[in-house]
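Worksheet: one structure, shown below.
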Number of protein chains: 2
Amino acid sequence: MATIKDVARIAGVSVASVSRVLNNGPKVSKKTIENVLKVVKDLNYTPNANARALVTQKSTTLGVVIPDLIDPFFASLANGVEQVARQKNMQLLLSTGLVSAETEMRAINLLIERRCDVMVVHSKKLSDQALIDLANKVPGLVLIDRYIEEIAQRCVWLDNLEGGKIAARHLLALNHQSFACISSKHQIDDPLLRLQGFQQELKSAGVDIEESLIEYGEPTLQGGEMATQKLLASGKRFSALFVYNDAMAIGAISTLEDNGFKVPSDISVLGFDDVLLSRYSRPKLSTLNYPIEEMAMQATNIGLELTAKQADMNKNSNYKHIPRLVKRESTNYKL
Amino acid sequence: MATIKDVARIAGVSVASVSRVLNNGPKVSKKTIENVLKVVKDLNYTPNANARALVTQKSTTLGVVIPDLIDPFFASLANGVEQVARQKNMQLLLSTGLVSAETEMRAINLLIERRCDVMVVHSKKLSDQALIDLANKVPGLVLIDRYIEEIAQRCVWLDNLEGGKIAARHLLALNHQSFACISSKHQIDDPLLRLQGFQQELKSAGVDIEESLIEYGEPTLQGGEMATQKLLASGKRFSALFVYNDAMAIGAISTLEDNGFKVPSDISVLGFDDVLLSRYSRPKLSTLNYPIEEMAMQATNIGLELTAKQADMNKNSNYKHIPRLVKRESTNYKL
DNA sequence: TTGAAAGCGCTACCAG
DNA sequence: CTGGTAGCGCTTTCAA
C-alpha cells in the first residue's frame, strides 16, 4: 500500500508538503495542492491512521464496552455512541463478551491499548475501586448505567429505585390491589432497586406483596416464562404483574395466556426498558422507557469534553435519568 | 501514560528486553522477566497498539461494515464477527450509517485507514466494479450477503431465489391454493429474488398469484401493517401470505388479527430471516432461517486466511448458503 | 511557501 | 541472553 513517501516522491515535493495538503494545512500553494491531490488519487493512497495516531497522540476512536451485541438494549447503547462518532468523524471500537470482572477488565484494557480518546463503559462486575482507578488512568472514560459517588461527574445512570416507584404508582392508579413481581436472578443492583422501589411505594399505599408472589429468573423470554409458571404454581391470585424487563414480560404474557389468563383484562403486565420488542408484542407492552440511546450520546459527549479538557469539572453536574412510563395495551384498569 | 522506555529505564534493562518479555520472546532470563513484569505492574504500563501496528504492519483489528446496529439481523452479523475476533484476540472496528454508495464507500475507507487486517462488508449500494476494485486493494476484504462472480471466492451469500422456492413448497404442501405476498420496496436484489423464487415454484405447481395480491412496503413492522391493509383493501381473498422479512410478517399478523382474521386458522403467514423477534411473536412465527451469524463467522475466517495467505484460492470454493424452513405456529394446514 | 529532520512507541535485526 | 539501533508512516517544528 502506498505511503506518504511514495506520494511525495512522485509528486516531486517533500512529505511535509503532502502532509500539509492532506490536513488542510496553512500556506500551501494551489499548484502544490492540485499536484499532490492528483498523485494521491492516481496511487489510490490512503493515509495510515495508526501512524497518525502515534504522532498526534489521539486516535479519533471511541471505545464501547458492552456485554453483548445481541441484546437490543446494548445495541441501542452502542448506536448512541456511534451516532456521536459519525458526527465527530470518529470510529467505533467495540469490546464485548463480558461475563466476569476479569473479562470486563480485559475488554477495557484492549481499548486502552488502542488509546481510544473516549471510552463508554457498561460495567456491572468490576468493583467501584477498580473503576475509579481506571477513570483516573483514562481521562475520557465515562461509566454508563452505573453510579459511583467518587466519580459522579463521570457517571450517566438511571434511577432504578424511582423506576420501581413509578411502576407501582401506575398500577395502583389503575385500581390494582394484588401484585406479583418477576425479578432477575442476576447479581447486579438494577433488579434489586427496581423491586425495592416497587415495594416501597406499595407499602406507602398500605399494600404488601407476598413473598411467594416474587419470582426470579434469567432476564430473557424463557426466564420470564419459567418464572411465570412458578408464580402460577403457587396458586395465589394477582391482578398486576411487574416484570424486570421487556423480554421477561413478553415471556410472562405468553405463559399467562397459555394458562387461560387474558392480558390485560385478567392480569395487567408492566415491563421495563421499552426496547423495540415491546412495540411488537401482542398486546403491545406497557413499560418504562429507559432512554439508553440518549444517555449513551450524553456519555460520549461528556467523554469528549473530558479529553478536550473543556470540562468544567463542576461537581454539581448531575447525570441521573428518570424512566418514563409508556402506557400501551398490557396494563389496564382493574374492574 | 508510561511508555516502554520508562519501563526499560526503571527496570534497568533495554527496551529490547522489555519488548521481549511483553511478547513472550525467546531467550529471556527468568530474572529479567520477573523484574520487567514488576515494573510494568508498578507503572500500570499498557503497550500502545498503534505503535505496534505501525511496526508489525498488522493491526489485529477486524472491520465490519453494516447499515446499522439496531436491526437485529445486522447485530447478529456483527456478533458473528465479534466471536471470531475474541477467539483470535483481535478487536472489532465498526462502521455503520450506510444509506448510499457514498456513505458505504466512506465507511469502508475509514476501515482501510485503520489498516484492518480483515474487513467483513455488507454493501448493497456500491457497484460490482467498485467492490471488485476494493477487494483488489484490500486482501482481507470479504463480502457478505452479496454475490459477485468475479470475486466469488470472496463472497459469502444466501440463495434468496431458493429461499422463495422453499417458502412456496412449504405453503403448497400445506394445501394452500390462494396466495398473497408482501415484498420490500427497497431497491436491492433480495426482495426481488425471494419473490421470484416464490412465484416460479408456484407456477411450476400450476398456481398463479394475482398482481393485486402483491404489495410492497418498508421492511419494518409498520411497513408490514400498511402493506397488509392495502392487501385487505383489495377485497381479494387468500389463505397464505409470504412476507419479505420477520418484522413485516409480525406487522402483517397484527393487522390481520385486527381485521378479524385468525392466524394461522384463517390465514397462514410465513416470514423470512428468523430473527429473535420471530420467537417472541404470538403466534410464534414460521419463517426461513437465515444463518447470518454463522455466515459472518465464515466470512471472517475466510478473511483471516486470505491475509495469512493460507488461502488455497481455489476458485471452486462455494460460499452459498440455503435458508432452512423453521415451522412454528403461524403456518398451518389449509382445511 | 517549502524542505529537512526529529521523533511518536514499538519491534526486530544484528552484534556481542 | 542482552543491548543498540534502524525504521514503521506520519506530523510538526525550525530554517530556508
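Worth knowing before you read on, the calculation uses all heavy atoms, side chains too, and leaves out hydrogens, waters and symmetry mates. Protein chains get the first letters and strands the later ones, always in sequence-line order, with residue 1 at the start of each.
- One atom, CG of B:Leu54, and another, P of D:dC10, lie 9 Å apart when rounded to the nearest Å.
- Taking atom CD1 of A:Ile33 as the reference point, atom P of C:dT2 lies 9 Å away to the nearest angstrom.
- Here the side chains of B:His321 and B:Glu294 are in contact, with some heavy-atom distance below 4.5 Å.
- Considering only side-chain N and O atoms, B:Thr32 lies nowhere under 4.0 angstrom from the phosphate OP1 or OP2 of D:dC1.
- When each of D:dG3, C:dG9, C:dA4 is scored by its nearest atom to the side-chain atoms of A:Ser14, the top-ranked nucleotide is C:dA4.
- Across C:dT2, D:dT2, D:dT11, the shortest atom-to-atom separation from the side chain of B:Val28 is found for D:dT2.
- Of the candidate nucleotides C:dC10, C:dT2, D:dG9, D:dG9 has the atom nearest to the side chain of A:Ile4.
- Residue contacts for B:Asn23: at a heavy-atom cut-off of 4.0 Å it reaches the sugar-phosphate backbone alone, with no base atom in range.
- For the residue pair A:Arg114 and B:Thr60, a side-chain donor N or O sits within less than 3.5 Å of a side-chain acceptor on the partner.
- Atom CG of A:Asn50 is separated from atom C1' of D:dC8 by 10 Å (rounded to the nearest Å).
- Listed candidates were D:dC1, D:dG4, C:dG9. Nearest to the side chain of B:Arg20 is D:dG4.
- The A:Thr3 side chain lies nearest to D:dG9 when the options are D:dC1, D:dG9, D:dC8.
- No contact: A:Val18 has no heavy atom under 4.0 Å from any strand.
- Put simply, CG on B:Leu22 is 15 Å from P on C:dG9, counting in whole angstrom units.
- Mapping B:Ala16 and B:Lys30 onto DNA chain D by nearest heavy atom places B:Lys30 closer to the 5' end of the strand.
- The nearest whole Å value for the distance from the NZ atom in B:Lys27 to the P atom in C:dA12 is 16 Å.
- Among the nucleotides C:dT1, D:dT5, D:dT12, the one closest to the side chain of A:Ser19 is D:dT12.
- Taking atom CG on B:Asp6 and atom P on C:dC10, their separation rounds to 9 Å, with Å as the unit.
- When each of B:Gly12 and B:Thr56 is assigned the nucleotide of DNA chain D with its nearest heavy atom, B:Gly12 is the one assigned upstream, toward the 5' end.
- A:Asp128 and A:Arg146 are joined by a salt bridge, as a carboxylate oxygen and a charged side-chain nitrogen come within less than 4.0 angstrom of each other.
- Close to C:dG9, at under 4.0 Å from its OP1 or OP2, lies a side-chain N or O of A:Gln57.
- Nearer to the 5' terminus of DNA chain C, by closest-nucleotide assignment, is the contact made by A:Lys31 (compared with the other of B:Val15 and A:Lys31).
- Between B:Tyr290 and the choices B:Trp157, B:Phe74, B:Phe73, the ring pair (Phe, Tyr, Trp, His ring centres under 6.0 Å) rule is met once, by B:Phe73.
- Closest to the side chain of B:Arg52, from the set D:dC10, C:dC10, C:dG9, is C:dC10.
- Taking side-chain N and O atoms only, A:Ser17 has a distance below 4.0 Å to OP1 or OP2 of C:dG3.
- In this structure, A:Glu34 does not pair ionically with A:Lys38, as no charged nitrogen and carboxylate oxygen lie closer than 4.0 Å.
- Across the protein-nucleic acid pair, A:Glu113 atom CD and C:dC10 atom P stand 10 Å apart, rounded to whole Å.
- The interatomic distance linking A:Asn24 (CG) with D:dT11 (P) rounds to 11 Å, in whole Å.
- On a pure distance criterion of 3.5 Å, no polar donor-acceptor pair joins the side chain of B:Arg115 and the base of D:dG9.
- Atom CD of A:Gln129 is surrounded by more than 12 heavy atoms from other residues, nucleotides or ligands within 6.0 Å.
- Side chain of A:Lys5, nearest nucleotide from D:dC8, C:dG3, C:dT11: D:dC8.
- Across all strands shown, B:Pro47 has heavy atoms under 4.0 Å from sugar-phosphate atoms exclusively, and none from any base.
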